[in-house]
**Student:** 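Can you read through this structure? Questions will come right after.
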Amino acid sequence: MLENVKDEIQGVLKKYPDKKSAVMDMLRIAQREASGHLTKEAMDEIAGLLGMPPVEVHAAAAFYTMCRINMPAGKHRVWVCRNLPCSLMGAEHIIKYLEKKLGIKTGETTHDLKFTLDTAECLGSCGTAPMMQVDDDYFENLTESKIDEILAAKGRES
Amino acid sequence: MTPVLHGISILTDSPTVVSARAGALEFLLANHALDCPVCDKAGECELQDMVHKYGPHKGRHTEKKFKFHEKDYALSPVIIKNSNRCVQCIKCARVCREVVGVNVLAAIGRGDHQEETSFFKTQLDCDHCGNCIEVCPVGCFMRLPYRYKARPWDLKGADTVCAYCATGCRMVMEHRDGTVLRARAQYGVGVNSETLCARGRFGFDYINSPERLTTPHVNRYGKLEAATWVEAFDYIKESLMGVSGDEFGGIVSPRYTNEEAYLFQKLVRDVFKSANVDSTSRWEASGVEAFAAAAGMNEGGVSVFDCMEADTVVVIGAQISDENPVTDYIIRRISAARKMNVIIVSPRAMKLDSSANLLLRVAPGAEGAVLNAVALSLVPDKTGGYAQTADIAKDMIDALVAKLKASASVAIIAGTEFLRHPESCAGLGFLKDSLKSSGKKVLILPALDRCNQRGVWEMGAHPGFGPGYAGVEKRGKGTHEMLEAAMDGGITSMYAAGVDIVSMFPDAQFAQKALMRLKFLIVQDTFMTETAKMAHVVLPGATFAEKEGFYTNQEGRAQIIRSLLPPPGKAKRDFDVIKAVGEIFDTGFGPKNPALALDEMRKTNPMYRDASLAFNNKRNVDNKLDIKAALVKAADAAPPSVKCAPAAIAPKDDKYQFALMTGNHLFHSGMLSKRSVSLTGLLNSAVVEICPEDAVFYGLKPGAKVIVKGAHYEAVMTLTVRPGSKRGVAFIAENYQDCPVNRFFKKGAGTPQVAIRPCS
């Protein structure tokens, strides 16, 4: 599965004195290569490449909200922060609104495969709570109308 | 963390502390299933005990409890899991990684959704040791064979010693209404503390087997038929009356207690006036003497924990991860915590390799040559260098020598390969002497694969020495010579107590032919073994859970075993059977019971004079678990020095690509474990193991059926690969009824060669 990105993997492996340290990079590459999620096979392959027990790769992946295991993701990934400051500022309402707007539950992907909705623990932007991350960008001080705009803009991107 | 300071006052039971505990427990119970009425652990659950003691007796959480799954799921044929009871202590994953070293469990996810499980909850391909079950404080990991069978308060237990390998793990065996249901280790008790291997934890169920012998059998008209003890003894009396000592031989099992072995050798020597007594169906008697002398077993016990305090530990000729799994755990655990060298010399890769900092892959039987080469390099002026060993690169030997030179103390763990290839023992003795002469402290720990092998030798069940390695007037015949003598009529009667010669002797056809020629064969055993089927009289004996006595483990640690149950049916304790056979010919034969046997033994055998049998149930305080008083002391005598001729080397035949090795499989021990339902569930039919490179080279597929062909025997079995093993070496364990590996062996022909090809 990781055949196509052999060179990139070699580069990643060179970065660390201990092969095992490359596990996060490898998970990122594997997820990118497989429509945004990690399969059992991919983790097995990573374990083989890094000389780790497969279950440790699984444990590393399962710890991080960026890693999505065995559930293909949509084109855009949305994480709503639900840690304490965001929750005080209405993160639960934001999550409910997004669920209603997208017609899915947290953790699911829309039927048009455009959006995947997830929650995250603190994303480090408490001063601008409530907030969410869409792909690699932060969107802060969220309101319902702001969310409508963001989703419309992202939806237009094809 | 609060550092401890002088004059600090620590309250452990103040109202604040107690309420904090209740608070922590309330959170642990937030998602806990609270299904104690159906949980195996209820009654001995740490969480239950804590909550019972500290509360809260009412929770304030109103949220719906999070559930991982509805139904328990099996992780292995012996391990089943209910994650809803988990308290996320991660002890299971840690014991798996840090002690057992297989690393198949991890904490998946985080927070209250964190689940300690296998890779995608798949069935584990691990050691199936169940240590995750033992350390689990709640009912999350459970024994599958024990589940729903009993509650802890229904069980009656006995503190005893495992009867598989010679590590000598202490464990509690528990039964309910006469059915043995569980074996468990105890934290801080015995060399093993709370660890056991798959054999110890799950392999006891042969005790309950319906195939157990419950009555004597007598062969009168060509067929074995159930008989009474009186008939059996009458038959023995009329058949053995007048048989001269030289025509009689006795072999006692290395799983018998010391008292039984002591009585047995007395029976053979004093009642039958025969010198022919041995305690194994596998090793040559002269090899045993060479090994005992080289390992210095007559110098007294050597604690494994003392070995682990050495600067360098060399594991050689021992498939320790498979044959002595708990010794493997001890080495892994301690070597990870201190700076030391672990050197492994072995043809096969093993789990312990990951703890080693030097690995030497050698050909089967080459251990002696390696040790010779190392010893010669330590004292180079003798011959000015070392003889080039067959296939070990000089730089590997040099690396080993450099590590030994830099160490002030060296421990050598020498295993059963030295008994299979006794010519290697000279190298072991040579290295010991040269290390000693260069001022180093040397400890040698024999790693043995039968629980009381060391004990029965020290009781004198050997043709070359009596109790405590004392010399004998006349050297008798060992198993090998007895069978040879049986072949040409020199021996006409034999008494095999607890040994299955046909299944274990390294040349099955020869053993069978020799036993056929006997006029009279008594077999005493717990099952109708292949050897028992050939007997004239079969006497039903008892398993280790049905007798009293003591074992001596590989370290020389004397440990008592306790009786849990009476033997089934008309079966008797082996001590009583041996005594009764002796009384047929000499009514004064004794000692009359194990306690008297122990007294007599203490008087006559200096090794056991002061060995403490007090059972120490102290908690583990210093990682040592070491009761020095239980170690046997030095003997007055030494085993006679023998020279073992180098084994015949079969001429290299291109037809055969592999040298065949044998030993015990991780899940089995001899043929006894084949009677355990749990263990045969883990592995039943024969497998042959080679290294993956060879599999690719010869176009063999792992998991596929292959034909293994030797010069005398061929069999179909499943191929497995073990990465890191030496090329050109095949391993078949000695535990398969469908493919008795001893049929590949030919007496005196050395390491057998085999060919492996795909099954078409």
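Values in this document were obtained by computation on a predicted structure and should not be read as measured data. Residue numbering restarts at 1 for every chain, and letters A, B, ... go by the order of the sequence lines.
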**Student:** In terms of heavy-atom contacts, does CG of Asp137(A) have more than 12 from other residues, nucleotides or ligands at under 6.0 Å?
**Tutor:**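 Yes, because the 6.0 Å sphere around CG of Asp137(A) holds more than 12 heavy atoms from other groups.
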**Student:** Nearest 0.5 angstrom please: Lys40(A) NZ to Lys121(B) NZ, how far?
**Tutor:** 12.5 Å
**Student:** Taking the side chain as C-beta and beyond, is there a heavy-atom pair between Val57(A) and Phe119(B) under 4.5 Å?
**Tutor:** no
**Student:** What residue, out of Gly111(B), Ala106(B), Ser118(B), has the most heavy-atom pairs lying under 4.5 Å from chain A?
**Tutor:** Ala106(B)
**Student:** So does Asp148(A) have more than 12 non-hydrogen atoms from other groups sitting under 6.0 Å from CG?
**Tutor:**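 Buried by this count: over 12 neighbours within 6.0 Å.
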**Student:** State whether the number of non-hydrogen atoms from other residues, nucleotides or ligands found under 6.0 Å of Lys15(A) atom NZ is greater than 12.
**Tutor:**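 Counting neighbours around NZ of Lys15(A), more than 12 heavy atoms of other residues, nucleotides or ligands fall under 6.0 Å, so yes.
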**Student:** Quick check: are there more than 12 heavy atoms from other residues, nucleotides or ligands sitting under 6.0 Å from CE of Met396(B)?
**Tutor:**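 Counting neighbours around CE of Met396(B), more than 12 heavy atoms of other residues, nucleotides or ligands fall under 6.0 Å, so yes.
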**Student:** Check whether any side-chain heavy atom of Val55(A) lies under 4.5 Å from a side-chain heavy atom of Ile108(B), and answer yes or no.
**Tutor:**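 Val55(A) vs Ile108(B): side chains touch.
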**Student:** Answer yes or no: does atom CZ of Arg147(B) have more than 12 heavy-atom neighbours from other residues, nucleotides or ligands under 6.0 Å?
**Tutor:**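 Yes.
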**Student:** Are the side chains of His58(A) and Thr117(B) in contact, using a 4.5 Å heavy-atom criterion?
**Tutor:** no
**Student:** For a 4.5 angstrom cut-off between non-hydrogen side-chain atoms, does Gln114(B) reach Phe63(A)?
**Tutor:** no
**Student:** Within this structure, what is the CZ-CG distance for the pair Phe120(B) and Asn70(A), rounded to the nearest 0.5 Å?
**Tutor:** 4.5 Å
**Student:** Would you mind checking which part of Asp44(A) comes under 4.5 Å of any heavy atom in chain B, side chain (CB onward), backbone (N, CA, C, O), both or neither?
**Tutor:** both
**Student:** Counting only heavy atoms not in Lys96(A), do more than 12 fall under 6.0 Å of its NZ?
**Tutor:** no
**Student:** So for atom CZ, which belongs to Phe697(B), do other residues, nucleotides or ligands contribute more than 12 heavy atoms lying within a distance under 6.0 Å?
**Tutor:** no
**Student:** Report the distance from atom CE of Met52(A) to atom CG of Asn103(B), rounding to the nearest 0.5 Å.
**Tutor:**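 If I round to the nearest 0.5 Å, the distance is 9.0 Å.
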